[in-house]
Amino acid sequence: MNAWTAQAAEDYGALSTALCLCICAAGLFGEDLLQRGYRRDRAVLAHIALHPGATARHVAGAVGAPDRVVARNLDRLTGDGLLVLVTDAVTPELRSYRLAS
């Protein structure tokens, strides 16, 4: 609203202030999304530490997040070397996770 009235009154100081506020708000929103992902990573790590051998579905239920979101967290943590994917040669679809040593 400030940007619209500033443009109508040709007050370029107020216009630039309004635009800066919009950009800052967008940056804070993006930062919040990023931090939410980090908080979920910590929750997933904590659950795996307490329950080694947990499956992705079990972790998702415990953390309270959708399976696909937890699968991305597990993939990222495995790629970073914090978790190890454990598979059974007999039933490879049974994948579980444990902390890396």
Side-chain angles (χ1 to χ4, degrees):
M1 185 67 172
N2 188 22
W4 181 74
T5 53
Q7 184 181 15
E10 295 185 15
D11 183 4
Y12 297 112
L15 179 63
S16 63
T17 302
L19 292 176
C20 286
L21 288 173
C22 290
I23 291 170
C24 289
L28 290 173
F29 178 72
E31 180 69 19
D32 185 50
L33 289 177
L34 182 65
Q35 291 298 323
R36 187 178 307 151
Y38 290 148
R39 284 191 298 271
R40 191 173 301 111
D41 279 351
R42 288 192 304 264
V44 167
L45 268 175
H47 185 76
I48 296 290
L50 292 174
H51 305 282
T55 63
R57 184 173 300 247
H58 181 243
V59 174
V63 173
D67 289 351
R68 68 182 184 286
V69 173
V70 171
R72 281 195 306 261
N73 292 109
L74 289 168
D75 287 342
R76 182 174 41 251
L77 293 169
T78 302
D80 290 345
L82 297 171
L83 294 178
V84 174
L85 176 64
V86 180
T87 58
D88 185 9
V90 177
T91 53
E93 63 274 357
L94 293 178
R95 301 164 33 138
S96 61
Y97 296 86
R98 66 173 174 77
L99 291 178
S101 33

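All values below were derived from every heavy atom in this structure, side-chain atoms included, with hydrogens, water molecules and symmetry-related copies excluded.
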Colleague: Are Y97 and V86 close enough, and set up right, to give a side-chain contact (heavy atoms from CB on, under 4.5 Å), and what steps lead you there?
Modeller: CA-CA 6 Å; Y97 296 86; V86 180; over 6 Å; no
Colleague: Find the distance between CG (L74) and CG (L83) and round it off to the nearest 0.5 Å.
Modeller: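 Rounded to the nearest 0.5 Å, the CG-CG separation comes to 6.5 Å.
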Colleague: When the ring planes of H58 and H47 are compared, do they come out parallel, tilted or perpendicular, using 30° and 60° as the limits?
Modeller: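 H58 vs H47 ring planes: tilted.
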Colleague: Restricting to non-hydrogen atoms, name the atom on V70 and the atom on V59 that form the minimum distance, rounded to 0.1 Å.
Modeller: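 Answer, listing the atom of V70 first, then V59: CG1-CG1, 3.7 Å.
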Colleague: Search all heavy atoms of S96 against all heavy atoms of G53 and return the closest pair with its distance.
Modeller: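 Scanning both residues, the minimum pair turns out to be CB-O, 3.1 Å.
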Colleague: When you group the ILVMFWY residues by side-chain heavy-atom contacts below 4.5 Å and let the links chain together, are L82 and V63 in the same group?
Modeller: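 Yes, V63 and L82 fall within the same hydrophobic cluster.
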Colleague: What distance do L99 atom CG and L50 atom CG have between them, rounded to the nearest 0.5 Å?
Modeller: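 With rounding to 0.5 Å, CG (L99) is 9.0 Å from CG (L50).
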Colleague: For T55 and R95, which heavy atoms make the closest approach, and how far apart are they?
Modeller: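 What the structure gives for the nearest pair is CG2-O, 3.6 Å.
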Colleague: Can you tell me which residue pairs pass the salt bridge (charged side-chain N to carboxylate O under 4.0 Å, His left out) test with a partner in residues 60-75, sequence neighbours excluded?
Modeller: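 Counting only pairs at least two positions apart or across chains, the salt bridge (charged side-chain N to carboxylate O under 4.0 Å, His left out) contacts touching residues 60-75 are R57-D67.
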Colleague: Using the salt bridge (charged side-chain N to carboxylate O under 4.0 Å, His left out) rule, collect all pairs that involve residues 16-25, keeping only residues at least two apart or in two chains.
Modeller: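 Found none.
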Colleague: With clusters defined by side-chain heavy atoms of hydrophobic residues (ILVMFWY) lying less than 4.5 Å apart, directly or transitively, does L94 cluster with V84?
Modeller: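 In one cluster with V84: L94, no.
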